[in-house]
Amino acid sequence: MIYLFISIILDIITSNIITTTYQNINYFFPMILVSSIPITYSLIKNKKILLIILIILGLIYDLLYSDIFLINTYYFILYYLFLHVFYQNRKTNYFNIILISVLGFIIYDIYVFLILILLDYSYFEIEYLYYKIFHSFILNFLYVIISIIILKSRIFSYKKHRRKVKKKT
């Protein structure tokens, strides 16, 4: 749970610090919270609490980043359901976490892109979508890799096995 709150704080900080733009489009798009949901799914044992936390964080994310209410909350719920179905028959491993994290923020970009077009909220081109996906990939992929390295013992439930040294008599 602490990991999610650290992720949202990092998301807020990096989105305010990284303001380098090209034609009103940022070079880096931090979606650290979206990237950290699969890792959190592996960390938290009680999945109902995780769903409640994701709904609350989705509402916070909507208030901070979106003009359309509940757009992120719906995505977080759908993402949670996808993770639940995905991990029913699979074990948690490095490849699965990285794959689902990368797919998560790519699908998030496509999801927001389609909703904004359907609501005629603004005009976007496919090049903008490609640009945003590519530039969000760099920062978020690095965050997922670093998170997995730092939290690998918690994610994969490693237990320290002590060797018992036999005493010679």
Between atom CG of L50 and atom CG of L43, what is the distance when rounded to the nearest 0.5 Å? 9.5 Å
With the 4.5 Å side-chain cut-off for hydrophobic clustering, are I126 and L118 part of the same group? no
Quick one: closest heavy-atom pair of P38 and S35, and the distance? CD-O, 3.5 Å
Is there a chain of hydrophobic side chains (I, L, V, M, F, W, Y, each step under 4.5 Å between heavy atoms) that links I56 to L63? no
Trace of the side chain to side chain contact (heavy atoms under 4.5 Å, CB included) decision for I6 with I9: CA-CA 5 Å; I6 290 172; I9 289 169; 5.8 Å; no
If we only count heavy atoms from C-beta on, is the V34 to Y75 side-chain gap below 4.5 Å? yes
Nearest atoms (heavy-atom pairs only) where K91 meets N96: O-ND2, 2.9 Å
Just how far is it from atom CD1 of I98 to atom CD1 of I39, taken to the nearest 0.5 Å? 8.5 Å
Test your reading of the model: is there a side-chain donor-acceptor pair from Y80 to the backbone of I55, 3.5 Å cut-off? no
Do I97 and Y41 make a side-chain contact, defined as non-hydrogen atoms from C-beta onward lying under 4.5 Å apart? no
In this structure, CG of L10 is separated from CZ of F5 (nearest 0.5 Å) by 13.5 Å
Single-linkage hydrophobic cluster, 4.5 Å side-chain cutoff, L142 and I149 together: no
Starting at CD1 of I117, measure out to CG of L129 and round the result to the nearest 0.5 Å. 8.0 Å
For L103, which residues count as a side-chain contact (heavy atoms from CB on, under 4.5 Å) partner, sequence neighbours excluded? L99, I107
Whether T73 side chain and L59 backbone form a donor-acceptor pair below 3.5 Å: yes
If Ile, Leu, Val, Met, Phe, Trp and Tyr residues are connected whenever their side-chain heavy atoms lie under 4.5 Å apart, and connections chain through other members, are V144 and Y94 in the same group? yes
When rounded to the nearest 0.5 angstrom, what is the spacing between CZ in F141 and CZ in F105? 8.0 Å
Any pair counted as side chain to side chain donor-acceptor pair (under 3.5 Å), so long as it reaches residues 98-116, sequence neighbours left out: N72-Y108, D109-K132, D109-S136
Atom pair CZ (F76) and CG (L81), whose distance is rounded to the nearest 0.5 Å: 13.5 Å
Is there a path from V85 to L54 through hydrophobic residues (I, L, V, M, F, W, Y) whose side chains come within less than 4.5 Å of each other? no
